[in-house]
There are 2 protein chains.
Amino acid sequence: MFMKIPDCNKPLCFFCRSCQPAWRNLNRINGKKYSFKKGELICKEGELIDGMYFLTSGAAKVHKQWGNAHENIIRFARAGDVLGFRGMSDNTFAISATALEDCNTCFIPNEHVKASFPVNPNLSIQFMQLYANELQLAEMRMNNLANLDVKGRIAGALLSLHQKFGVDNKGHLRLRISRQDIASYAGTTYETLFRVFSIWIAKGIIKTEGKSIKICKLGELKKESDA
Amino acid sequence: MFMKIPDCNKPLCFFCRSCQPAWRNLNRINGKKYSFKKGELICKEGELIDGMYFLTSGAAKVHKQWGNAHENIIRFARAGDVLGFRGMSDNTFAISATALEDCNTCFIPNEHVKASFPVNPNLSIQFMQLYANELQLAEMRMNNLANLDVKGRIAGALLSLHQKFGVDNKGHLRLRISRQDIASYAGTTYETLFRVFSIWIAKGIIKTEGKSIKICKLGELKKESDA
DNA sequence: GCAAAAGTATTATATATATCATGTTTTTAA
DNA sequence: TTAAAAACATGATATATATAATACTTTTGC
């Protein structure tokens, strides 16, 4: 579950991609490669996180536990995304991340992240842009949660998943995910999600086959999510 | 309402603060100073925004109009904050900003922002950290909107305002803001906000005096907002 | 200083959606 | 390979909160 990074100058590691080629060797020395099985916790709210995880393969959910059993999913991550604390100060984080598929990650300690900025002028600009984009997404999502009814929120959730993970050759969403997780992402309950799905399946807007979901009428979903 | 920036190397302008002293003169030449009266639109969703506004005084709301009359406030900004598109690509923005008090801003065109990065190594790091912080706030707010009931959301809204704008010597929130705006920020309606306020006033948790709001029992509000 | 507009106060009603309850199927672990 | 645990399916009920309707009060522009 842990080893030195053997080769990380591949396009999927955000960090190495943004560093000068000559610097990547130091990333290899200072970073660690962690693998996580489906369902495993990558980082947990309240824990001290002294570095960043860069997802190189797999998928994860970033979530927060509420009291007893109520979980809320804040966002999803796929290869190329960053997990763990943002910025570069040591800090405990208020949010957990769990692997939804088997994951490979590069863990880079804050020390080394900090040391990398002066030497890699492009790095902070890349981070800046990454965060700016995520911020924009976050604000859109905020809006959705605050203004749309359940249908709209579920539509938005499906569209995000569609955009982030794409579809396979059969048109099925590439991420196998439980209905409960979709509900948690849309800010609703499983039961309500089920009801909405039933309606949409009847209308031919989506099609399900076990855990696989196919969006048949993308336009209809878009209409729901910006009404 | 528009003039060349006369003097902007003061601590309140995020951009100048993050640049080398020698570079600030160029900011002065390339930037423009815009002033906005209370209620005036600073930037409007759909418009092309080819630069960033740096608030040096006053307060503003960042919001999105929904169809007919439904408005949602995404966040507030005070002196030191950035408005307008984030990142540095020319782009139309999905979000509007309106002055809540008379505002002074420095407008820096994207061209000059871009040109400033290579020369001011600290600049992109400052931006990165700014965005990282805002991202964290955004994700917390997302959570609130998705999981808390109205009471909790209103409590959260008041606490944010309290934290962002502070209180005067009488303990009143320093930002004079309409109930409708608080409701829009909390993702609810004026009427519901009114009901919740009535209860809290009766309980002595808050006190109102026209537009002025005083939080008497901060602890009680905190309890509401993380239940 | 006055008219118009924006903001504030309040109740009654409607409805969307969570909660509860119960059974079935699929997946996981031993 | 079976037992246990998640995940899925579905209806009935309760409730929080938006909507609607109406009147009063303060602020703003002319």
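Below, chain A is the first sequence line, B the second, and so on; all start at residue 1.
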Parallel under 30°, tilted from 30 to 60°, perpendicular over 60°: which one fits the rings of B:Phe54 and B:Phe15? tilted
Geometric class of the B:Tyr53/B:Tyr34 ring pair [parallel <30°, tilted 30-60°, perpendicular >60°]: tilted
Please answer whether the main-chain N or O of A:Ile73 pairs with a side-chain N or O of A:Ser184 as donor and acceptor at a distance below 3.5 Å. no
Just grab all the side-chain hydrogen bond (donor to acceptor under 3.5 Å, both in side chains) pairs involving residues 164-174 of chain A, residues at least two apart or on different chains. A:Asp81-A:Lys164
[X] [atom1] to [N] [atom2]: how many Å, rounded?
X	N	atom1	atom2	result
B:Phe194	D:dA20	CZ	P	19 Å
B:Arg179	D:dC24	CZ	P	19 Å
A:Trp200	D:dA9	CH2	C1'	18 Å
B:Glu209	C:dT8	CD	P	14 Å
B:Gln180	C:dA6	CD	P	13 Å
B:Ile199	C:dT10	CD1	P	13 Å
B:Glu71	D:dA18	CD	P	16 Å

Does C:dG7 have OP1 or OP2 under 4.0 Å away from a side-chain N or O of B:Tyr190? no
Would you mind writing out the side-chain donor-acceptor pairs for residues 190-215 of chain B within the sub-3.5 Å range, not counting sequence neighbours?
residue, atom, partner, partner atom, Å
B:Thr192, OG1, B:Thr189, OG1, 3.1
B:Ser198, OG, B:Phe194, O, 2.9

Reading nucleotides 17-30 of chain C 5' to 3', which nucleotides get B (base under 4.0 Å from a protein heavy atom), which S (sugar-phosphate only), which -? SBBB----------
Run the side chain to side chain contact (heavy atoms under 4.5 Å, CB included) check on B:Lys38 and B:Arg176 step by step: do they pass? CA-CA 11 Å; B:Lys38 181 177 172 176; B:Arg176 297 196 92 217; 5.6 Å; no
